[in-house]
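Report on one structure; see the data block that follows.
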Amino acid sequence: MKSVKWLAALPVVAFFSGGWLSSVAPTFVLGMPFLMVWNVSWLVLTSLIMVLIDRAEGDLDAIDAADAASAAVALRAQGDAR
């Protein structure tokens, strides 16, 4: 498992720390309740984190597809040789 996948734990930690943080943070941020700003911010950040993980591991799909194609060609060649 690549270390990039550990970034997926950040939104979970942020979700559970929001309640504690709201007790020490200012009541309103940008005219909205702090917890709403916290949750909306992490909603956007979660999407960005998932894109980052996908970009870091996006080549794995291409490698798997290339391996499957080469295996199919090898099987077809074995079938033709008989």
* Can you tell me how far OG of Ser47 sits from CG of Leu45, rounded to the nearest 0.5 angstrom? -> 8.5 Å
* Roughly how far, to the nearest 0.5 Å, is CG of Leu10 from CD1 of Ile49? ->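 Those atoms lie 5.0 Å apart.
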Common cluster, [X]/[Y], ILVMFWY with side-chain heavy-atom separation under 4.5 Å:
X	Y	result
Met36	Leu30	yes
Val40	Met32	yes
Val37	Phe15	no
Leu48	Ile53	yes
Val44	Leu52	yes

* **Side chain Trp38, main chain Ala14, donor-acceptor under 3.5 Å** =>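 Yes; judged by distance alone, with no hydrogens or angles, the pair exists.
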* Hey, does Val24 have a side-chain heavy atom less than 4.5 Å from the side chain of Phe34? ->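 No, their side chains stay 4.5 Å or more apart.
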* Between Asn39 and Leu43, is any pair of side-chain heavy atoms under 4.5 Å apart? -> no
* Of all heavy-atom pairs between Val4 and Ala56, which one has the smallest distance, and what is that distance? -> CG1-CB, 3.9 Å
* To do: Heavy atoms only: give me the nearest Leu35-Gly18 pair and the separation to one decimal.
  =>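 The answer is CD1-O, 3.4 Å.
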